[in-house]
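Take a look at the structure set out below.
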Amino acid sequence: MDRPPADQEREAALVAALGAIRARIAAACEAVGRDPREVTLIAVTKTCPVSDLAALARLGVRDVGESKDQEARAKIAELGEFDAPEAESGIDTAEFRWHLVGRLQTNKARSVAGYASAVHSVDRPKLATALADAADSREHPLDVFAQVSLDSDPQRGGVAVEALPELADAIAARPELRLRGVMTVPPMDTDADAAFARLAELSAQLNAAHPGAEAISAGMSADFETAIAHGATHVRIGTALLGRRAQVFS
Ligand SMILES: *Cc1c(COP(=O)(O)O)cnc(C)c1O
């Protein structure tokens with residue numbers, strides 16, 4: 001099926017941006033002797049149209065990130081309508097792995113457990129419990145990252161450093177969840193190098209108590225190379241891949 005010229009132009013821009021990001025990830029890994037295959041690129045598609053998701057799918061991107069349950073659900077519904085024509089070109093948008101990266105209310109747990117592969121923003125035992133209760137009918141456990149706040153500012157989300165072990169225990173206690181590791185969004189105007197070094201320490205402590213929970217979700221458009229230098233396994237990239245978002249409050 002022929003796509004309109006505007007779509008082809010957009011797809012060409014995405015090809016270029018994706019290639020550049022993959023090259024930067026590879027270089028950042030090489031600089032510290034890591035294998036780029038250890039790093040999962042999550043394309044953060046919040047505010048982007050589903051045509052971008054379809055284009056990303058054609059380019060082989062499978063891991064996509066959204067901040068809000070409502071927006072993710074709307075996109076999944078809309079993508080359902082993409083499936084028929086796209087299937088002819090070999091794209092199965094149902095193969096997306098959805099990563100929830102934004103703050104989550106417990107009343108969204110059931111919805112999220114219905115489609116998400118991973119929730120990166122679990123920051124309180126109550127949310128872990130709600131997700132586990134909601135995940136009981138899933139085929140696979142829900143992957144969960146414990147989001148930690150490095151400055152204990154409640155606004156951005158994340159558990160205080162002191163309370164991280166208790167949160168990790170609450171997640172690990174539930175077989176419906178799989179504790180993957182830690183996640184953070186560094187404080188604004190902070191030294192990213194120091195922040196990600198601290199996160200690496202916290203990751204090592206968590207991993208000692210919970211073997212297998214070695215993943216580190218860290219690094220966004222502005223700082224993903226620094227995060228990779230400090231062991232990030234999941235980088236969450238929006239703007240550098242998809243361009244600037246319309247200003248929204250997330
Ligand atoms: C929006 C968002 C990102 C992506 O940010 P960019 O700076 O656009 O790459 C990553 N993580 C979280 C939690 C986000 O909300």
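In listed order, ligands and their atoms are each counted from 1.
- Within the model, atoms CD of Glu66 and OH of Tyr115 stand 8.0 Å from one another, a figure rounded to the nearest 0.5 Å.
- A search for side chain to side chain donor-acceptor pair (under 3.5 Å) contacts involving Glu38 returns Arg34, not counting sequence neighbours.
- Using modelled atom types, one finds no donor on one side chain facing an acceptor on the other under 3.5 Å when comparing Thr129 with Arg174.
- The side chain of Ser67, and not its backbone, has at least one atom closer than 4.0 Å to an atom of ligand 1 (non-hydrogen atoms only; side chain from C-beta on).
- Assignment of Arg245 to the shell around ligand 1 is supported, since a heavy atom sits closer than 4.0 Å.
- In this structure, Glu201 pairs ionically with Arg198, as a charged nitrogen and a carboxylate oxygen lie closer than 4.0 Å.
- Remark: ligand 1 atoms within the under-4.0 Å shell around heavy atoms of Arg236 are 4 (C), 9 (O), 10 (C), 11 (N), 12 (C), 13 (C).
- In this comparison of Thr184, Asp223, Ile21, Thr239, the heavy atom closest to atom 6 (P) of ligand 1 sits on Thr239.
- Contacts of Lys46 with ligand 1, taken as heavy-atom pairs under 4.0 Å, involve the side chain alone.
- Against a heavy-atom cut-off of under 4.0 Å, Val101 is close to the following atoms of ligand 1: 12 (C), 13 (C).
- The distance from atom CZ of Phe145 to atom CG of Leu100, rounded to the nearest 0.5 Å, is 12.5 Å.
- The ligand atoms of ligand 1 that sit less than 4.0 angstrom from a heavy atom of Ile237 are 9 (O).
- Applying the salt bridge (Lys or Arg N to Asp or Glu O under 4.0 Å) rule to Asp143 yields the partners Arg178, Arg180; only residues at least two apart in sequence or on another chain are considered.
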